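A quick write-up on the structure given underneath.
Since this is a predicted model, take the numbers as computed values, not measurements.
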Amino acid sequence: MGTQFTRWIMKHPHQHFLAVRLKTTSPQYVASRARDPTFEKLMDKYKNLLKVIAVQDLILANPTNPAVSIDFLSRLSQKLHLNRGAVSFLRKYPHIFHIYHDPMKSQTFCRLTDAAIQISKEEAEVINASLPLVVDRLVRLLSMSRSRMLPLRAILKVGRELGLPDDFEDSVISRNSHLFQLCDAHEPNTHNLKLFDVIPDKFTAAVENWRVEEYCKEGCNVDRAEIQFSFKHGYPPGMRLRKNFRAKVKEWQRLPYVGPYDEVSEKKRSSKAGMMAVEKRAVATVHEFLNLTVEKTVEVEKISHFRKWFGFDLNIRDLFLDHPGIFYLSTKGKRHTVFLREAYERGCLIHPNPVYHARRKLLDLVVLGRHGLLTDELRSIASNKEAESLGQYDGETCISD
């Protein structure tokens, strides 16, 4: 059947049938999106931050001796996307990394600076202090699943986004055995995290709270029917909103749907109305998912692991591109990252939290780069042996970072 369909297309290349939506996963559709300079500038900083965090995690992996050899980092340069090599990357962030030579081992190592260590400790402290919030996020996340169960490895992939502690399985799962249960999955050596049916109250989604606030605003003259199923919208500067686009958004806003915490009944998706209902619930679920994250942002690849568990089999990337008033998709740093547009203003969270504040301090050091250091004094402190030991790494591949 597929071969016959292909032959028909080749024989009738100009038929209107080809006007059917072909944008799914197409780079052209991604490239044609309206860019938002504020989010793009933020991602320019974030793509370097993620590399810094990857190296930082390697250093902190050994608590007794938090350091990593330059040889080891150099071998991982390609995997960590350190395109100009490990030493070149480390030297870009002297406020975060300190390179030193160990004469006993005849090797050059890297450790964190005192400022970076302090920020890491502060982040760990605020995460441990917010464990009740972590439990609440996890319960809500599992409640959005039709089976009240999710793969443990999918949850761990978004561990940083959810603000999970390093000892998540002990401090959260084991200590809340009345809420969570680890059970074997169909694949070997894999587990699912299940929520016990003991949650008495139905959760209220963030978008529902926003609707109440909007409707209760002083002097609000919005019709209840207009806002009953609506989402907050905002668009990139300069994006042209055509009349038919506005009409479609208005129609979509009025469309009823099943909320992210409501039970879903199996319905036929063959009709246009059925497809739109599935899509709107998917938007509501992802909207709530982003609200549960610490920084209201997540990589598209990570959230894709949840889509079937949440009850929608749609292309996630297209979903974000189809709703630019709710989400913003960035492709910086060789990854697709989605932001909840309404949560940000001028590149910062409107309602920050302690974990976000701690992470922002590390981002500030990344942005600072080499600035604020007395280069001449640092050079005089560095020993000749250290300089010689580093020289061998300067010949590493030189591709634009």
Checklist entry - Judged by atom type as modelled, is there a donor-acceptor pair below 3.5 Å linking the side chain of Asp262 to the main-chain atoms of Val258? => result no

Next on the checklist: Working to the nearest 0.5 angstrom, can you tell me the gap between His81 NE2 and Asn83 CG?
Outcome noted: 8.0 Å

Checklist entry - What's the spacing between Lys296 NZ and Glu161 CD if we round to 0.5 Å? => result 12.5 Å

Checklist entry - Going by atom types only, do Tyr261 and Glu208 share a side-chain donor-acceptor pair under 3.5 Å? => result no

Next on the checklist: With a 4.0 Å cut-off on N to O distance, would you call Asp71 and Arg75 a salt bridge?
Outcome noted: no

Next on the checklist: Please check this pair: side chain of Thr293 against backbone of Leu290, looking for a donor-acceptor N/O pair closer than 3.5 Å.
Outcome noted: yes

Checklist entry - Residues in ring pair (Phe, Tyr, Trp, His ring centres under 6.0 Å) with Phe306, at least two apart? => result Phe289, Phe310

Checklist entry - Which residue, Phe39, Tyr328, Phe327, Phe320, forms the ring pair (Phe, Tyr, Trp, His ring centres under 6.0 Å) with Phe339? => result Phe39

Next on the checklist: For Arg341 versus Gly325, what's the shortest heavy-atom pair and its separation?
Outcome noted: CD-O, 3.6 Å

Next on the checklist: Counting C-beta onward and ignoring hydrogens, is there a side-chain heavy-atom pair between Met43 and Thr337 closer than 4.5 Å?
Outcome noted: yes

Checklist entry - Arg33 side chain to Leu321 main-chain N or O, any donor-acceptor pair under 3.5 Å? => result no

Checklist entry - Can you check side-chain contact (heavy atoms from CB on, under 4.5 Å) on Leu340 and Thr297, steps first, answer last? => result CA-CA 6 Å; Leu340 184 61; Thr297 179; over 6 Å; no

Next on the checklist: Determine whether a donor-acceptor pair (N or O, by modelled atom type, separation under 3.5 Å) exists between the side chain of Lys194 and the backbone of Leu182.
Outcome noted: no

Checklist outcome for this item: Minimal heavy-atom distance between Leu141 and Leu162, with the atoms involved, is CD2-CD1, 3.9 Å

Item to check | Any side-chain heavy-atom pair of Leu90 and Ile70 under 4.5 Å | outcome: yes

Item to check | Arg175 and Val135: CA distance, side-chain angles, deciding distance, side-chain contact (heavy atoms from CB on, under 4.5 Å) verdict | outcome: CA-CA 10 Å; Arg175 293 184 186 178; Val135 172; over 6 Å; no

Next on the checklist: Between Val278 and Leu314, is there a side-chain heavy-atom distance shorter than 4.5 Å?
Outcome noted: yes

Next on the checklist: Taking atom CD as the centre, does Gln78 end up with more than 12 heavy-atom neighbours from other residues, nucleotides or ligands that are less than 6.0 angstrom away?
Outcome noted: no

Checklist entry - Does the side chain of Asp36 pick up a donor-acceptor pair with the side chain of Tyr344 at under 3.5 Å? => result no

Checklist entry - Do Lys280 and Phe229 come close enough that some side-chain heavy atom pair is under 4.5 Å? => result yes

Pair up each side-chain donor or acceptor in residues 53-64 with any protein partner under 3.5 Å, not counting sequence neighbours, and list the distances.
{"unit_1": "Asn62", "atom_1": "OD1", "unit_2": "Thr64", "atom_2": "N", "d": "3.4"}
{"unit_1": "Asn62", "atom_1": "OD1", "unit_2": "Thr64", "atom_2": "OG1", "d": "2.7"}
{"unit_1": "Asn62", "atom_1": "ND2", "unit_2": "Asn65", "atom_2": "O", "d": "3.4"}

Checklist outcome for this item: One should read off an interatomic distance between Leu142 CG and Arg148 CZ, to the nearest 0.5 angstrom, of 8.5 Å

Checklist entry - Considering only heavy atoms from C-beta outward, does the side chain of His336 approach that of Glu301 to under 4.5 Å? => result no

Checklist entry - With the threshold set at 4.0 Å, does a side-chain nitrogen-carboxylate oxygen contact exist between Arg307 and Asp313? => result yes

Checklist entry - Roughly how far, to the nearest 0.5 Å, is the CE atom of Met149 from the SG atom of Cys183? => result 5.0 Å

Checklist entry - Who are the side-chain contact (heavy atoms from CB on, under 4.5 Å) partners of Ile127, not counting sequence neighbours? => result Glu123, Pro165, Val355, Arg359

Checklist entry - Between Lys308 and Arg146, is any pair of side-chain heavy atoms under 4.5 Å apart? => result no

Checklist entry - Can you tell me if His287 and Glu342 form a side-chain donor-acceptor pair at under 3.5 Å? => result yes

Checklist outcome for this item: When every non-hydrogen atom of Glu295 is compared with those of Arg160, the smallest separation belongs to OE2-NH2, 4.3 Å

Item to check | Min side-chain heavy-atom separation Cys110-Phe72 under 4.5 Å | outcome: no

Checklist outcome for this item: Here the gap from Gln228 atom CD to Gln253 atom CD, rounded to the nearest 0.5 Å, amounts to 12.5 Å

Item to check | Check: His323 and Trp252 side chains under 4.5 Å, non-hydrogen atoms | outcome: yes

Checklist entry - Would you say Lys45's side chain and Val366's backbone share a donor-acceptor pair under 3.5 angstrom? => result no

Checklist entry - Between Tyr100 and His98, what is the ring plane arrangement, given parallel below 30°, perpendicular above 60°, and tilted in between? => result parallel

Next on the checklist: Show the nearest heavy-atom pair for residues Ala206 and Glu288, with the distance to one decimal.
Outcome noted: N-OE1, 2.9 Å

Checklist entry - Is a side-chain N or O of Ser130 found less than 3.5 angstrom from the main chain of Leu133, in a donor-acceptor match? => result no

Checklist entry - Checking side-chain contact (heavy atoms from CB on, under 4.5 Å) for the pair Leu193/Leu138: CA distance, chi angles, key distance, verdict? => result CA-CA 10 Å; Leu193 185 63; Leu138 199 55; 3.8 Å; yes

Item to check | Value rounded to 0.5 Å, distance of CG in Asp114 from CD1 in Ile119 | outcome: 11.5 Å

Item to check | Backbone of Arg153 reached by a side-chain donor or acceptor of His191 within 3.5 Å | outcome: no

Item to check | Exercise: identify the closest heavy-atom pair between Ile326 and Phe231 | outcome: CD1-CB, 3.8 Å

Item to check | More than 12 heavy atoms from other groups under 6.0 Å of CG on Asp136 | outcome: yes

Next on the checklist: Check this for me: does any side-chain nitrogen of one of Glu299 and Arg335 sit under 4.0 Å from a carboxylate oxygen of the other?
Outcome noted: yes

Checklist entry - Between the side chain of Ser120 and the main-chain N/O of Ala116, is any donor-acceptor distance below 3.5 Å? => result no

Checklist entry - Do side-chain atoms of Thr285 reach the backbone of Pro260 as a donor and acceptor pair under 3.5 angstrom? => result no

Item to check | Check: Ser174 main-chain N/O paired with Glu169 side-chain donor or acceptor under 3.5 Å | outcome: no

Checklist entry - What closest approach, in Å, do Ala86 and Ser77 show between heavy atoms, and which atom pair accounts for it? => result N-OG, 3.4 Å

